Amino acid sequence: MKKLINTAESVVEDALNGMAAAHPSLRVRDRVVYRAEGPRPGKVGVVSGGGSGHEPLHAGFVGYGMLDAACPGEIFTSPVPDQIVEATQAVDGGAGVLHIVKNYTGDVLNFEMAAELVEDVEVASVLVDDDVAVQDSLYTAGRRGTGATLFVEKIAGALAEEDAPLAEVAAVAREVDERSRSFGVALTSCTTPAAGKPMFDLPETDVELGIGIHGEPGRARVPMRPARELAVLAMEAIHADLPLRDDLLVMVNGMGGTPLMELYVVYAEVAAFARGKGARVTRSLVGNYVTSLDMQGFSVSVCRLDERLTRLWDAAVETPALRWGR
Amino acid sequence: MKKLINTAESVVEDALNGMAAAHPSLRVRDRVVYRAEGPRPGKVGVVSGGGSGHEPLHAGFVGYGMLDAACPGEIFTSPVPDQIVEATQAVDGGAGVLHIVKNYTGDVLNFEMAAELVEDVEVASVLVDDDVAVQDSLYTAGRRGTGATLFVEKIAGALAEEDAPLAEVAAVAREVDERSRSFGVALTSCTTPAAGKPMFDLPETDVELGIGIHGEPGRARVPMRPARELAVLAMEAIHADLPLRDDLLVMVNGMGGTPLMELYVVYAEVAAFARGKGARVTRSLVGNYVTSLDMQGFSVSVCRLDERLTRLWDAAVETPALRWGR
Amino acid sequence: MNASLCVAWFEEAARLVHRDRDRLTRLDAEIGDGDHGTNLDRGLTEVRKALAESPPGSPAEVLTLAGTTLIRRVGGASGPLYGSVFRQMGKTLQSPVTLAAFSAAFEEGVVAVERLGKAALGDKTMVDALAPASRALALAVRDGVGVREAIEQAARAAAEGAEATIPMRARKGRASYLGERSVGHMDPGAASSALFMEALATVVREAA
Amino acid sequence: MNASLCVAWFEEAARLVHRDRDRLTRLDAEIGDGDHGTNLDRGLTEVRKALAESPPGSPAEVLTLAGTTLIRRVGGASGPLYGSVFRQMGKTLQSPVTLAAFSAAFEEGVVAVERLGKAALGDKTMVDALAPASRALALAVRDGVGVREAIEQAARAAAEGAEATIPMRARKGRASYLGERSVGHMDPGAASSALFMEALATVVREAA
Ligand SMILES: Nc1ncnc2c1ncn2[C@@H]1O[C@H](COP(=O)(O)OP(=O)(O)O)[C@@H](O)[C@H]1O
Ligand SMILES: Nc1ncnc2c1ncn2[C@@H]1O[C@H](COP(=O)(O)OP(=O)(O)O)[C@@H](O)[C@H]1O
Ligand SMILES: [Mg+2]
Ligand SMILES: [Mg+2]
Ligand SMILES: [Mg+2]
Ligand SMILES: [Mg+2]
């Protein structure tokens with residue numbers, strides 16, 4: 001394993017220092033990334049967080065029209081309650097704070113504990129659980145939160161920017177989650193700095209279907225096949241759970257080690273699949289947004305838009321990793 | 001080798017189809033990527049191009065405030081004169097067209113031939129040659145064009161948007177090139193779809209210093225070391241050639257397979273180095289912009305800004321891969 | 001049990017977890033996300049530091065400080081879960097700390113985890129090591145077994161419980177995402193729970 | 001030499017380059033960017049297609065069409081360079097196509113590459129195979145050597161020229177970026193030039 005790090009122990013800290021240096025619009029303090037300008041009175045604060053290793057998620061989405069603060073944990077490890085409490089109290093502008101939490105046991109527990117500890121701030125929580133590779137049943141921890149987290153953060157952030165009340169911001173976040181589904185495919189494993197070797201061995205001939213964003217193996221291993229077929233497998237899984245129709249927001253997301261060129265190859269197939277089902281892809285995103293360290297592979301996330309969600313998606317956003325309209 | 005492609009032969013075509021589908025602001029025709037809205041009368045057209053495999057360069061920089069057209073060749077192969085002639089004639093708004101050419105024999109020859117073939121359009125050419133790893137001497141093809149290509153395209157594009165005449169747009173492009181330097185480090189080789197295996201073998205213990213963006217081996221192979229030391233090696237090479245002072249634009253660029261987190265780790269060290277030399281990093285960019293397929297590694301590009309260049313850098317840009325101000 | 005024995009427990013646990021860090025991480029890489037060893041190692045290092053900085057006067061205070069530190073420093077699932085075990089133990093431990101008092105508090109700790117994690121025996125989690133350990137302690141108290149022997153039995157039960165997770169199909173935590181593919185691997189949290197009990201057995205044996 | 005022999009030349013060259021595509025690409029990966037084999041293979045496939053679609057009436061027209069097609073379809077450095085060789089040959093080839101006329105046109109082609117690429121003998125490029133081949137042809141003409149033997153000598157000179165690039169340090173093209181590290185590898189363009197001459201020798205031999 002070769003990585004551009006100083007030490008495995010310091011990588012999260014070092015990367016945060018880099019972020020702070022690169023983006024004057026951010027302020028990093030005690031392992032929390034804030035908008036430099038601080039909370040705006042009357043605006044609901046939007047806070048998210050989770051393990052590091054998914055960059056630009058979440059810290060890259062701190063800024064106008066999206067998050068007020070992000071709490072990065074150690075690599076693949078959810079943040080601790082203290083960080084979340086700090087962030088929540090710091091971004092409250094008097095209108096309460098929304099926690100956007102990816103549905104993993106660790107994230108859920110730490111955000112819950114934080115919500116209990118927060119003082120004098122109204123907190124609402126939304127769980128993101130968009131990954132159709134996991135059955136939501138009594139026999140699992142429920143569906144994982146993956147790519148749709150970006151959709152939830154963008155759209156909830158846009159509504160918060162309009163000074164909507166906490167209940168409404170939480171409701172739109174929940175609505176986006178309900179209307180979104182994702183599915184991921186890995187060509188290679190990822191390597192955490194601490195482990196120093198790949199999480200799993202994936203031979204040259206095979207791919208993992210239905211992976212998460214923490215280097216967990218997927219639901220099944222199948223022989224490698226052309227991009228077109230992998231894209232169809234992912235889209236079939238999504239379509240089976242959420243029939244694709246009307247207006248769609250589609251993200252083809254790289255897992256961190258996949259070149260943009262390949263993501264565009266996948267996007268062409270994904271868009272063709274959606275068209276084939278009679279749906280319209282009216283908004284799209286192609287790139288590395290919700291990653292898994294150096295993993296090669298992709299995930300597709302789909303959100304069924306309506307007019308209001310489209311408007312909120314289009315609203316101005318100004319963050320290190322997502323920016324338009326200003 | 002596992003890649004998200006359909007066939008090695010169709011990868012450039014398939015990716016362009018994906019780009020066209022994903023970005024309504026682009027129009028792709030006969031292997032040229034244009035702004036959908038076409039040329040604006042009175043504006044100098046800005047055209048670039050080169051081998052594919054460096055995405056988002058160049059096609060991802062087509063749009064308001066940057067390129068009018070990009071000509072992608074096959075993987076690592078410069079485009080043919082026909083494409084460049086087509087693009088040049090299509091984007092001319094009557095004020096002439098600037099060719100931004102990375103200094104490689106193939107790019108130079110094909111752009112030169114195209115410039116000769118173009119009819120009724122005034123063409124100016126600017127060579128980008130920013131890579132300090134190559135000695136500019138009688139014994140080489142001259143310095144390679146790498147990361148600074150982005151700086152040249154952005155700043156020349158901004159000036160063209162202000163309806164400056166061709167000579168001025170060409171002059172500012174040349175000025176940016178003269179004020180810019182780059183240096184790259186590879187942790188791994190890259191694999192072209194056609195070759196199907198890594199261009200060179202790089203053991204777990206070593207890195208290549210002074211690499212280009214086509215998977216060429218570098219000038220030297222040295223033992224792997226912490227990010228801090230690699231960043232210092234790159235910055236020393238740049239500083240030796242162009243003393244760092246006053247205001248700097250700094251890009252820490254990933255080679256395609258490097259996670260964003262690691263680039264931020266490098267950025268922190270690069271910024272510290274510049275500060276140590278008494279320079280001010282007033283503008284920065286961290287991400288995968290000028291890549292080499294799936295290669296892991298980074299390059300640093302530095303441009304010594306003045307007030308005018310800063311203003312042009314800050315001017316609105318709206319492309320798939322670089323966007324601010326609108 | 002006095003405060004210093006309780007401190008020794010966490011020191012020994014920290015030593016064992018540090019020694020087995022890579023094994024725990026590897027177990028977690030197989031069916032989770034490969035951070036359990038580093039998570040607990042980091043957390044127990046912080047616990048040692050906290051205990052050294054302001055040495056608590058009673059076992060209950062040791063447990064509370066350890067639990068709080070784990071919650072504040074680990075993150076992930078195991079931080080809140082282990083943190084809750086020890087905080088709950090600290091909260092409920094009666095003085096003087098007889099075996100019976102310890103056993104009762106331990107059971108409270110296990111119940112806290114079961115509640116927080118909504119996990120039951122057989123879900124392939126740390127509960128599968130902790131609950132058998134608690135049961136062994138309770139049986140030892142009932143049968144009047146000596147402290148040292150009782151703790152040995154609890155440690156054995158935890159180790160066996162961890163082994164027993166291998167054929168299980170996970171129903172909680174990340175491993176549950178794998179469905180059938182989680183079968184055939186030991187749960188990393190169960191493995192670390194067995195280390196906690198082994199550490200306790202060691203310090204009790206050495207104190208005797 | 002008539003038009004069909006000239007067409008046969010490009011067909012045989014296309015066959016050899018296709019057969020050796022991976023070798024050429026590997027040579028280019030060692031000191032360049034690993035696309036020379038696919039570049040030329042693609043280009044010569046297009047040349048065959050163009051020649052089949054509108055069969056030219058004279059060797060000069062074959063050469064011009066081949067050169068133009070290479071320029072229009074290959075890209076990279078080798079597209080314009082090889083394209084210029086053949087275009088220049090087509091432009092200057094005198095009728096009837098005697099060995100002397102062919103030799104003169106070939107020399108014009110080589111000069112065109114040297115000028116376009118600003119490359120001289122010893123720079124570790126295709127010139128190091130093409131120039132010796134041209135010299136061998138000229139000497140054969142001077143000495144009144146038969147066509148078949150003359151072309152064999154030119155092919156041998158090209159092959160030896162390609163071999164001779166191995167110890168050279170590159171001064172042109174991508175390989176020049178490597179400095180000292182370019183030593184010890186055959187230049188891919190010189191290797192493909194040797195294939196072009198081998199193809200010519202084969203079709204001339206078979207035509208005899
Ligand atoms: N819901 C749960 N109830 C009880 N224990 C759980 C639960 N979820 C996970 N665990 C335990 O936590 C362990 C994983 O801890 P760790 O790897 O540190 O956290 P994470 O899963 O967040 O990466 C699992 O092996 C399991 O024993
Ligand atoms: N300036 C030059 N003059 C003559 N031949 C050159 C020159 N530059 C490159 N070449 C030849 O071109 C070959 C490389 O061709 P190719 O790989 O197809 O193009 P590229 O270098 O653009 O990838 C080299 O091996 C060399 O023989
Ligand atoms: Mg974790
Ligand atoms: Mg090339
Ligand atoms: Mg884990
Ligand atoms: Mg080449």
Side-chain angles (χ1 to χ4, degrees), chain A residues 8-9 49-51 53 71-84 104-114 117 131 133-135 137-144 189-200 208 210-221 292, chain C residues 21-22 24-43 45-46 68-84 87 113 115-120 122-126 169-182 185 189:
Chain A
E9 289 69 37
C71 306
E74 290 297 317
I75 300 233
F76 292 170
T77 302
S78 54
V80 295
D82 288 12
Q83 285 167 278
I84 304 165
Y104 296 97
T105 308
D107 293 73
V108 171
L109 293 179
N110 286 284
F111 269 92
E112 273 177 10
M113 286 191 167
L117 291 169
D131 184 354
V134 175
Q135 290 308 319
S137 79
L138 281 177
Y139 306 111
T140 67
R143 287 185 163 170
R144 295 175 288 218
S189 174
C190 63
T191 301
T192 63
K197 53 176 196 266
M199 300 263 295
F200 51 86
E208 286 274 333
I211 50 140
I213 56 173
H214 299 86
E216 315 96 315
R219 295 287 291 204
R221 183 170 289 191
S292 197
Chain C
R21 185 181 62 178
D22 293 348
L24 294 174
T25 289
R26 220 175 316 118
L27 289 174
D28 196 28
E30 284 167 14
I31 55 171
D33 61 350
D35 62 355
H36 188 59
T38 37
N39 280 349
L40 263 197
D41 187 32
R42 182 178 64 250
T45 305
E46 295 290 341
T68 304
T69 305
L70 289 174
I71 289 174
R72 297 188 56 186
R73 299 302 186 134
V74 174
S78 59
L81 291 168
Y82 273 125
S84 299
R87 273 222 301 211
V113 164
R115 201 173 300 140
L116 190 63
K118 304 189 183 68
D123 283 352
K124 194 175 183 116
T125 69
M126 55 175 70
R169 178 179 164 146
R171 283 191 295 250
K172 285 286 175 255
R174 289 173 192 290
S176 71
Y177 304 141
L178 289 181
E180 260 319 309
R181 291 176 88 188
S182 65
H185 304 271

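Each chain gets a letter, A, B and so on, in the order the sequences are listed, and its residues count up from 1. Please read these numbers as outputs of a predicted model, since none were measured by experiment.
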Gly76(C) and Thr77(A): which non-hydrogen atoms are nearest, and at how many Å?
N-CG2, 3.3 Å

Relative to chain A, which segment of Arg181(C) carries a heavy atom at a distance below 4.5 Å: side chain, backbone, both, or neither?
side chain

Shortest non-hydrogen pair, Thr192(A) vs Gly34(C), comes out as OG1-O, 4.4 Å

Can you name the side chain to side chain donor-acceptor pair (under 3.5 Å) partners of Asp107(A), sequence neighbours left out?
none

Glu74(A), part contacting chain C, at a heavy-atom distance under 4.5 Å
side chain

Side chain to side chain donor-acceptor pair (under 3.5 Å) filter on His36(C), not counting sequence neighbours, yields Ser192(C)

Counting only non-hydrogen atoms closer than 4.5 Å, does Ser84(C) touch chain A with its backbone (N, CA, C, O), its side chain (CB onward), both, or neither?
side chain

Find the distance between CG (Asp35(C)) and CE (Met199(A)) and round it off to the nearest 0.5 Å.
8.0 Å

Look only at the side chain of Ser176(C) and the backbone of Ala141(A), and say whether a donor-acceptor pair between them is shorter than 3.5 Å.
yes

Any donor and acceptor pair, going by atom type alone, linking the side chain of Arg174(C) with main-chain N or O of Tyr104(A) inside 3.5 Å?
no

Pick one of side chain, backbone, both or neither for Glu30(C), based on which atoms fall under 4.5 Å of a heavy atom in chain A.
backbone

Check whether Ala220(A) gets within reach of chain C through its side chain, its backbone, both or neither, counting any heavy atom under 4.5 Å.
backbone

Heavy-atom closest pair, residues Gly75(C) and Val80(A)
N-CG1, 3.3 Å

Part of Ala119(C) within contact of chain A (heavy atom distance under 4.5 Å)
neither

What option among Pro217(A), Cys190(A), Ala195(A), Ser189(A) has the most heavy-atom pairs under 4.5 Å with chain C?
Pro217(A)

Checking heavy atoms, do the side chain of Pro79(A), its backbone, both or neither come under 4.5 Å from chain C?
backbone

Arg219(A) (side chain) donor-acceptor with Tyr177(C) (main chain) under 3.5 angstrom
yes

Evaluate the criterion side chain to side chain contact (heavy atoms under 4.5 Å, CB included) for residue pair Met113(A) and Leu116(C); output intermediate values, then yes/no.
CA-CA 10 Å; Met113(A) 286 191 167; Leu116(C) 190 63; 3.9 Å; yes

If you tally heavy-atom pairs under 4.5 Å between each of Thr25(C), Asn39(C), Thr38(C), Leu81(C) and chain A, the highest tally belongs to Asn39(C)

Under 4.5 Å from any heavy atom of chain A, what part of Arg26(C) do you find: side chain, backbone, both or neither?
side chain

Using a cut-off of under 4.5 Å on heavy-atom pairs, state which of Ala175(C), Ser78(C), Gly32(C) scores highest against chain A.
Gly32(C)

Just so I understand: if I count every heavy-atom pair under 4.5 Å between each of Val108(A), Thr105(A), Leu109(A), Ile75(A) and chain C, which residue has the most?
Leu109(A)

